[in-house]
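Numbers here simply count residues along the sequence, with the first being 1. Note that the coordinates shown come from a computational prediction; the quantities given were computed from them, not determined experimentally.
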Amino acid sequence: MDKYIGKMLDNRYEILEIMGIGGMAYVYKARCHLLNRLVAIKILKEEFSRDADFRRRFHAESQAVAMLSHPNIMAVYDVSRSKELEYIVMELLDGITLKQYMQRKGPLGWREGLHYVIQIIKALSHAHSRGIIHRDIKPHNIMLLRDGSVKVADFGIARFASKQNTLTQEALGSVHYISPEQARGSHIDARSDIYSVGVVLYEMLTERLPFEGDSPVSVALQHISSLPLAPREINPDIPQALEMIVLKSMAPKLSKRYSSADDMLKDLEEFRKNPSVSFEYDLAELQTAADEGAEEPTRSLPGGGVKGTGLKLDAKSEAEERKRIRKEMRDEENHNTRKSSNLIATLSAVLGVLVVIAILGFVIVNMVGNFIGQDDDVMVDVPNLRNKALPSLEALQTEYPQLRFKVEREYNEDYDANMIFDQIPLPGIRQVKEGTEIILKVSTGRVPVLLPDFAGMDLQNVQRWLYENDLRYDASQNTAEPHDTIGRNFVIRSDPGPDTTVYKGDLIRLVYSQGKDPQQVSMPDLKGKSEQEAREMLLWHNLLIGNVTYEENDLAEGLVVSQSVKPGDKILENEIIDFVVSTGPAYVETTPSAPDIEVSPSSEPSIEPSPSEEPPPSPSPSADELVQFNQNIGIPAGIVGTTHLVVKRNDVTFFEETINTENGSPSITIRGYHSDIITVYFDDQLYYSLSIAALMQSP
């Protein structure tokens, strides 16, 4: 088991698990117990921790990087050192590296590449403005998060890694992206990072690195003295203006390269707004190799004035480092030259023999084929149908009768509808047998969606609408704001706004209300008020109606008997208030006794009713009589899952609840007078509005 797992650093960071091992450090997942959040911790390896000078410079550089604050830069929360350990605490990112993404997806569309490179260059602009150069920009140090945003990691650390990795095999991952001046061991400035960004963009657009080699030294030499293929020679679909941006950022001569990240960002933004823009740069000058011995002047960075570094190395150390790198490069080049000279004669002889054998084999195979090839499979070329509009299958079959075709339609944001964006097998790799099925990947295109005005709508209902229309919704991207008129958890606005055309798969952000800041109110006296008056008083004071119960009481029927908060108490708005309503005094059945009748001689005898006469009927209920009954609220067709039910009496809400339709129709108690109007809403949509008398007569 790893010796750090389970340990508590500085009585704050609990090491949970190891995430990776780099050239200089181990990376762990940890929990910060002070702020109760997960973090990433990079702990310096022991061989570096024993070097006091290295630790001092590493700590100082890390503290400088911790001053950076930008949405596209991986945040450094803390830098700590103890007798045994040197470590950095960083934000824990949920994503993958750009390198992993390219390996999984393959070639990126130029729009996607543009989206990523703009974020990378913005991060560099921020760092350069504070005197920090990255020195190791490569896809391995660029994180892609789930929402499509980019975070650049490991700022300011590469200068220490170079102490052990310079141009050895371990540096192969970085050497593909270093600038010519880095390869020469010269001073560097911000333009070195720009060159590396250009290489990353080159790789995103072409799925190839500009220079390849068997060793780091051979690749470094190519950065110094060679020119790569222009991106459009590899992928003609790349817009010309974007190719010009790549070539200018990768110009071998410092004087021809972008002078700052802001200059490159300006061109990228101009191209983003107008992909047909034309940049008036001299292609011949951009592709002029730098003089190997040239020491072009570096530029001072704002915030520090140090040439190309966050901290300055002493001149002696830098001179020794450059001398050692150049010697290593010369030794490697001389070694390769000697090996090449010794092999040329041997290879020439072998090659001659192989050519003769190949010619004889070709002649023999063709001669034999004339006799026995009648039954062999017929091989045909695979046509290149990518980036073309899909014709009808009948037209394809007519044009290529020796092949069969199958269409698979997929959503692809980089291609218009009915465009072929991929095929299996690919063209130009090999011939295939006659009758082979060619699978064509055809884009369904980006489906437009017109956004309505969500203002005032319930947050859950808006979320459901977004899901139903295939739009991305991420609750963590939403923002809550206080609002005086829009209720809690109701939408204030959306980003993009209403009447905007977006496309399926786009992310929609919402700003919703957290209600207005609650104020203190004085609890009103509800006792003796009618139920409706009590409800209106609570609403008037911005208090919420809680449980309303009914009990027998000496107070007249329908009057409030008691309340959960004493009258006059100071409480906050939106507090829930319960109250009790009287159903009238208890009914006691009694048998009336006959009254004593004093009979005077002059009084008339009382007239008794005839036994045959029936007593008069009891009076029918009056329209003014208070009634109470249970009512099943039928659920409208088409509503599935959860729904928000609101029932009002005379426009005053007395029942509000989110219900699950799978549990059947809800039954609620309705109490009121025959003329009262009951209104029912589902998800803020009117279902029906009837009087109590009509409800009582309905089946």
Side-chain angles (χ1 to χ4, degrees), residues 20-25 27 42 65 68 72-74 90 93 95-108 112-113 115-125 127-128 132-145 150-183 188-213 215-220 222-224 228 231 246 249-250 252 257-258 261 264 308-310:
I21 302 175
M24 298 189 336
V27 183
K42 183 171 286 190
V65 175
L68 299 178
N72 296 123
I73 294 178
M74 183 179 184
M90 305 169 292
L93 301 178
I96 61 174
T97 67
L98 177 58
K99 190 67 174 180
Q100 292 169 327
Y101 180 70
M102 289 192 291
Q103 289 169 344
R104 292 181 187 180
K105 184 173 180 180
L108 308 186
E112 188 174 13
H115 173 71
Y116 295 144
V117 77
I118 285 177
Q119 295 181 70
I120 297 168
I121 207 69
K122 284 181 177 178
L124 290 177
S125 173
H128 293 168
I132 301 292
I133 298 177
H134 192 288
R135 301 173 63 100
D136 195 21
I137 288 291
K138 58 185 178 182
H140 315 65
N141 287 335
I142 297 166
M143 297 293 295
L144 299 188
L145 307 189
V150 162
K151 294 269 190 179
V152 182
D154 281 351
F155 264 95
I157 308 302
R159 67 191 303 264
F160 301 107
S162 63
K163 182 174 181 180
Q164 65 155 351
N165 279 346
T166 47
L167 290 175
T168 65
Q169 187 64 30
E170 295 176 6
L172 189 57
S174 297
V175 77
H176 287 110
Y177 305 92
I178 64 173
S179 63
E181 56 271 23
Q182 279 178 292
I188 66 168
D189 62 15
R191 291 171 293 179
S192 185
D193 279 349
I194 292 171
Y195 182 95
S196 300
V197 171
V199 178
V200 172
L201 180 56
Y202 185 104
E203 185 180 9
M204 286 194 288
L205 298 176
T206 66
E207 202 184 1
R208 285 177 49 177
L209 288 161
F211 302 115
E212 296 279 11
S215 69
V217 172
S218 63
V219 176
Q222 292 179 72
H223 279 288
I224 294 171
V246 175
S249 62
M250 288 179 61
R257 205 178 299 164
Y258 284 110
M264 184 174 178
T309 60

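Side-chain atoms of Asn141 do not come within 3.5 Å of backbone N or O of Val152 as any donor-acceptor pair. Not one N or O on the side chain of Ser125 forms a donor-acceptor pair closer than 3.5 Å with the backbone of Ile121. Checking side-chain atoms of Ser249 against main-chain N and O of Val246 turns up a donor-acceptor pair under 3.5 Å. A donor-acceptor pair under 3.5 Å is formed between the side chain of Asn72 and the backbone N or O of Val150.
Salt-bridge check for Lys105 with Glu207: failed, with every basic side-chain N at 4.0 Å or more from each acidic carboxylate O.
Taking CZ of Phe211 as the reference point, atom CD1 of Ile178 lies at 11.0 Å (rounded to 0.5 Å). The structure places OG1 of Thr206 at 9.0 Å from CG of Leu201, a figure rounded to the nearest 0.5 Å. Rounded to the nearest 0.5 angstrom, Leu124 CG and Gln119 CD are separated by 12.5 Å. The structure places CG of Asp193 at 11.5 Å from CE of Met264, a figure rounded to the nearest 0.5 Å. In this structure, the separation between CD1 on Ile194 and CD1 on Ile137 is 11.0 Å, given to the nearest 0.5 Å. Interatomic distance, CD1 of Ile188 versus CZ of Arg135, reported as 4.0 Å (0.5 Å rounding).
The shortest side-chain heavy-atom distance between Ser179 and Arg191 does not fall under the 4.5 Å cut-off. With contacts defined as side-chain heavy-atom distances shorter than 4.5 Å, the pair Pro139/His176 does not qualify.
Not counting sequence neighbours, the partners of Lys151 by the side-chain hydrogen bond (donor to acceptor under 3.5 Å, both in side chains) test are Glu91. Applying the side-chain hydrogen bond (donor to acceptor under 3.5 Å, both in side chains) rule to Gln222 yields no partners; only residues at least two apart in sequence or on another chain are considered. For Tyr258, the side-chain hydrogen bond (donor to acceptor under 3.5 Å, both in side chains) criterion is met by Asp267, not counting sequence neighbours. Qualifying side-chain contact (heavy atoms from CB on, under 4.5 Å) partners for Gln100, counting only residues two or more places apart in sequence or in other chains: Ile96, Thr97. With sequence neighbours excluded, the residues forming a ring pair (Phe, Tyr, Trp, His ring centres under 6.0 Å) with Tyr195 are His223, listed by chain and number. When the side-chain hydrogen bond (donor to acceptor under 3.5 Å, both in side chains) test is applied to Ser196, no partner is found at least two apart in sequence or on another chain.
Side chains of His134 and Asp154: a donor-acceptor N/O pair is absent below 3.5 angstrom, by distance only.
For Ile133 against Ala190, the heavy-atom pair with the smallest separation is CD1-N, 3.7 Å. Nearest heavy-atom pair, Ala127 versus Leu68, reported as atom, atom and distance to 0.1 Å: CA-CD2, 3.9 Å. Nearest heavy atoms, Arg257 versus Pro252: NH2-O, 3.4 Å.
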How far apart are the C-alpha atoms of Leu108 and Met102, what are their side-chain angles, what is the distance that settles it, and do they pass the side chain to side chain contact (heavy atoms under 4.5 Å, CB included) test?
-> CA-CA 7 Å; Leu108 308 186; Met102 289 192 291; 4.1 Å; yes
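A side-chain hydrogen bond (donor to acceptor under 3.5 Å, both in side chains) with Tyr177 holds for exactly one of Lys138, Gln182, His140, Glu203; it is Glu203.
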